[in-house]
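First up is the structure itself, then whatever we jot down about it.
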Amino acid sequence: MNLEELSGLPPGAVSHFQDEGIESLYPPQAEAVEAGATDGDSLVAAVPTASGKTMIAALSMLSAIERGGKALYIVPLRALASEKKDEFEAYEEFGVSVGVTTGNYESTDDWLATRDIVVATSEKVDSLVRNGADWLSDLTCVVSDEVHLIDDRNRGPTLEVTLAKLRALNPALQVVALSATVGNAGEIADWLDAELVASDWRPIDLQMGVHYGNAISFDDGSKREVPVDGSESQEDALVRDIVAEDASALVFVNSRRNAEAAARRLANVVAPELDDEEKAALDELADDIRDVSDSETSTDLAAAVEKGGAFHHAGLASEHRSLVEDAFRDRLLKVISATPTLAAGVNTPARRVVVRDWRRFDSTAGGMTPLDVLEVHQMMGRAGRPGLDPYGEAVLLAKSHDEQDDLFDRYIWAEAEDVRSKLAAEPALRTHVLATIASGFASTRDGLLSFMNETLYASQTDERGRLESVTDTVLDYLERNDFVEREGGTAGGSRSGADADAADDAFTSAADLATEANRDVDLRATNLGHTVSRLYLDPMSAAEIVHGLESAGSRPTAMGLYQLIARTPNMYELYLRSGEDDKYGQLYYELEDELLGDAPSEYEDNRFEDWLAALKTGALLKDWADEMDEDRLTERYSIGPGDLRGKVETAEWLLGAAETLAAEIDSDWSVAVREARARVEHGVREELLELVSVRGVGRKRARQLYQAGVESAADLRTVDKGIVLGALRGRKTAENILENAGREDPSMDGVEAIQVDGGDAPGAAGVDAGSGSTSEAGSDASTTPESEDQSSLGDF
DNA sequence: CCAGTGAAGTTTTAGACAGCATGTC
DNA sequence: CTAAAACTTCACTGG
């Protein structure tokens with residue numbers, strides 16, 4: 001189908017696509033148009049990665065906008081949200097506006113209401129529904145990218161429920177669901193009342209094969225000799241072979257450690273192929289990488305990058321990741337060894353993809369379990385760069401002939417699994433049942449069940465009773481913890497006043513759903529329940545926090561609060577390594593009085609271990625808030641910079657939520673919570689909190705200023721400029737900071753730096769727990785007012 | 001005596017969303 | 001129902 005044949009798009013859209021070199025539609029895109037994508041009809045497009053799914057979404061959204069509507073594009077990852085935003089922003093050329101909203105992107109409701117296309121993560125959309133964003137009822141088109149993730153045990157139910165809610169809000173909504181090729185795309189289409197567009201078509205050919213011995217056998221029967229020299233590994237040989245053709249390779253492995261070790265070896269394989277220009281560019285990239293973070297991960301990554309290779313996993317800081325991804329796309333890096341992060345994330349295609357490990361450790365299964373077909377297909381789908389490679393190759397590795405046959409059957413000839421809803425699990429229902437009640441989608445038990453009946457789960461299950469019984473279990477839990485009130489037997493749609501701020505449309509349509517059913521039990525969210533729903537907390541997290549705050553007899557310490565939020569289901573705990581159960585058991589005895597709530601008995605093995613794992617996570621947060629350096633933290637807790645930032649970010653969120661909860665339950669400790677949160681946010685001790693609020697001053701500069709005797713923004717306005725200059729590195733930096741502090745004449749012209757007392761120890765500030773001694777934050781830790789700040793964690 | 005090698009034993013194990021209101025070194 | 005690679009340690013070899 002030619003682009004010119006398309007109608008209903010905004011003027012300028014067709015020529016825009018033509019300018020981008022798009023003349024005609026790919027077959028699946030044409031099918032989608034025939035199925036009504038541009039006429040506002042719902043559809044499920046189950047097509048391979050990189051076969052133009054985004055174009056299907058774009059055509060649907062643009063035609064919806066041209067009809068006067070508004071579109072929402074739901075993505076599974078923040079990184080994809082910004083990738084899509086960048087892509088759609090090109091449409092501003094013909095007057096289509098774009099906005100993004102995720103947990104870390106700025107966005108106000110008012111502003112989003114003015115955008116034609118809004119890009120958001122599924123959780124963010126869920127949160128917007130819970131908070132009653134008015135503009136959601138203006139939506140006419142919703143795109144759900146990677147909709148097969150409904151199958152995900154943790155995050156799938158959110159997507160499923162959110163789609164059901166958006167449809168309930170606006171029954172005429174066009175839903176465009178983009179999916180990988182899965183076994184039961186038709187079932188998903190039925191659920192969404194959508195047309196199915198299924199295709200295996202790819203814009204460039206993908207050859208799948210297995211390497212065994214000295215050759216790859218491909219699915220089309222062809223073979224390619226790739227001899228393995230002596231003691232080298234198969235992946236080394238495969239990478240060397242493809243890099244010799246001046247193409248790049250992606251190697252998927254099953255652990256971070258494997259990714260790093262493989263990168264070390266592969267970088268040496270690739271290094272001889274580099275020319276001088278590339279080497280210079282790589283050296284520069286390596287410097288950028290080292291600048292991102294002060295940690296071993298950063299150093300190791302830079303070392304691999306200098307030789308043209310890299311590793312990629314979630315322990316990397318996000319800046320690391322984008323530097324690596326961009327350099328790989330620019331063909332500067334020849335090989336990346338990666339964990340599954342890369343298969344799910346932003347687009348990073350390679351001529352050859354090697355899936356080295358097809359089994360992954362799973363403690364719940366008690367050993368190595370084979371990856372899902374879908375997951376392996378997603379990895380293999382990264383092979384072949386449209387427009388750059390003549391074809392893509394995806395290769396699995398076999399060590400025996402039997403294994404080779406097995407791999408063909410298991411992955412190459414196999415169809416991807418069915419998507420199965422995971423909604424009927426307690427943790428998922430806990431949060432979604434509360435949200436459904438609190439935001440007015442249901443006000444009776446039957447209304448709730450009717451809403452649940454609109455989910456994919458209901459359409460898939462034969463066990464009608466299961467969802468009902470789990471729902472009742474969850475309702476018991478929510479009632480017991482004072483999130484929901486139940487009134488049995490009373491008829492009528494009474495709802496609490498607090499419901500009034502939820503979308504009215506939501507309420508009325510939900511009421512419609514409930515009309516047929518008997519209103520045997522009225523459900524109402526309490527004020528606390530509303531707050532929990534809006535804060536986006538797992539009710540179990542909220543209960544733990546509430547209980548912890550209520551049980552505190554005196555002002556909770558930062559450590560107590562950090563351990564409290566760390567044991568919440570919303571925080572993914574650090575793992576206790578061998579020997580650490582003793583170590584943290586000992587720390588537990590030392591800190592017992594500081595910890596909030598009831599500790600499990602030591603004889604309850606699993607629960608006690610979780611408690612200690614939370615203690616370890618809390619200790620990490622405490623060390624961060626005591627100004628321990630990044631390299632030290634990452635080393636002590638065996639984590640990467642990305643993990644550290646993730647933990648800190650989660651802690652900020654949970655402590656912010658804890659502060660709101662504290663106010664809600666009239667706790668005396670909201671100030672203590674606020675302070676603990678501020679310390680985690682900036683990674684500083686209490687005495688620096690004021691300084692750190694000055695723009696341009698972070699944990700390091702604040703410490704340097706403090707050591708020089710500058711203790712507040714007011715001091716910055718009055719103190720001798722030479723002292724400020726002496727404490728900071730650059731003249732320009734010092735000027736900016738003075739200006740931000742509101743100093744009348746911030747100019748540093750002609751000012752001489754004055755060194756005051758030990759201000760020359762950048763990076764040394766922090767908890768020196770290596771010796772197990774009292775912590776030192778510069779020279780004046782002994783003046784720290786809080787006694788809790790003086791004991792160091794870690795080695796004891 | 002010491003560097004180098006290799007066998008044997010030990011350790012570890014993917015990922016990443018969210019409130020609210022603005023800005024690191 | 002199910003593991004494997006990386007890392008550590010330690011004994012031994014050859015110079």
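Order of the sequence lines fixes the chain letters, A, B, ..., with proteins taken first and strands second; residue numbering starts at 1 for each chain.
- Separating the NE2 atom of A/His312 from the P atom of B/dA14 is a distance of 15 Å, rounded to the nearest angstrom.
- Between A/Arg153 and B/dA14, a side-chain N or O to OP1/OP2 separation shorter than 4.0 Å is absent.
- Candidate nucleotides B/dT13, C/dA6, B/dC17 were compared by shortest atom distance to the side chain of A/Asn258, and C/dA6 ranks first.
- The residue A/Val697 sits close only to the backbone: its heavy atoms come under 4.0 Å of sugar-phosphate atoms, none of a base.
- A/Val75 comes within 4.0 angstrom of nothing in the nucleic acid, heavy atoms only.
- Between A/Met368 and A/Thr660, it is A/Met368 whose nearest contact on DNA chain B lies nearer the 5' terminus.
- Among the nucleotides B/dG23, B/dA18, B/dT13, the one closest to any side-chain atom of A/Arg78 is B/dA18.
- The side chain of A/Arg265 contributes an N or O atom lying less than 4.0 Å from OP1 or OP2 of C/dA6.
- Side-chain contact, A/Asn254 with A/Asn258: a donor N or O sits under 3.5 Å from an acceptor N or O.
- The side chain of A/Glu123 lies closest to B/dA18 when the candidates are B/dT13, B/dG15, B/dA18.
- With respect to A/Arg130 and A/Glu123, no salt bridge is recorded, no charged nitrogen being found less than 4.0 Å from a carboxylate O.
- When the nucleotides B/dT24, B/dG19, B/dC17 are ranked by their closest atom to the side chain of A/Thr121, B/dC17 comes out on top.
- Going from atom CZ of A/Arg359 over to atom P of B/dA14 covers 17 Å, rounded to whole Å.
- A close approach under 4.0 Å does occur between a side-chain nitrogen or oxygen of A/Arg577 and OP1 or OP2 of B/dT12.
- Which of B/dG23, B/dG15, B/dG19 sits closest to the side chain of A/Ser127 comes down to B/dG19.
- Between the side chain of A/Asp643 and the main chain of A/Gly640, a donor-acceptor pair closer than 3.5 Å is present.
- Annotation: of the two residues near DNA chain C, A/Thr369 and A/Lys399, the 5′-most nearest-nucleotide partner is A/Thr369.
- Base pairing analysis places B/dG23 opposite nothing; no Watson-Crick or G-U wobble pair with both distances below 3.5 Å involves it.
- Closest to the A/Tyr572 side chain, of the nucleotides B/dA16, C/dA6, B/dT13, is B/dA16.
- B/dA14 atom P lies 10 Å from atom CZ of A/Phe361, rounded to whole Å.
- Between A/Ser122 and the phosphate of B/dC17, there is no side-chain N or O to OP1/OP2 separation shorter than 4.0 Å.
- Taking atom CG of A/Leu654 as the reference point, atom P of B/dC20 lies 14 Å away to the nearest angstrom.
- In the helix from B/dC1-C/dG15 to B/dT13-C/dA3, the end axes, each obtained as the rotation axis mapping the C1' atoms of four pairs onto the next four within a five-pair block, lie 0° apart to the nearest 10 degrees.
- What separates OH of A/Tyr105 from P of B/dG23 is a distance of 18 Å, to the nearest Å.
- Across all non-hydrogen atoms, the minimal contact from A/Tyr562 to A/Arg679 is OH-CB, 3.8 Å.
- Nucleic acid contact class of A/Glu652 (heavy atoms, under 4.0 Å, all strands): base.
- Rounded to the nearest Å, the gap between the C1' atom of C/dA4 and that of B/dA16 is 26 Å.
- OP1 or OP2 of C/dT2 has not a single side-chain nitrogen or oxygen of A/Arg360 nearer than 4.0 Å.
- Spacing between C/dA6 and B/dA14 at atom P, rounded to whole Å, works out to 14 Å.
- Among the nucleotides B/dT13, B/dA18, B/dC17, the one closest to any side-chain atom of A/Arg155 is B/dC17.
- B/dG15 atom C1' lies 18 Å from atom CZ of A/Arg645, rounded to whole Å.
- Not one N or O on the side chain of A/Glu544 forms a donor-acceptor pair closer than 3.5 Å with the backbone of A/Thr568.
- As a whole-Å value, the separation of A/Asn104 CG from B/dT24 C1' is 15 Å.
- Considering only the side chain of A/Arg356, C/dA6 comes nearest among C/dA4, C/dA6, B/dA14.
- Across B/dG15, B/dG19, C/dA6, the shortest atom-to-atom separation from the side chain of A/Ala261 is found for C/dA6.
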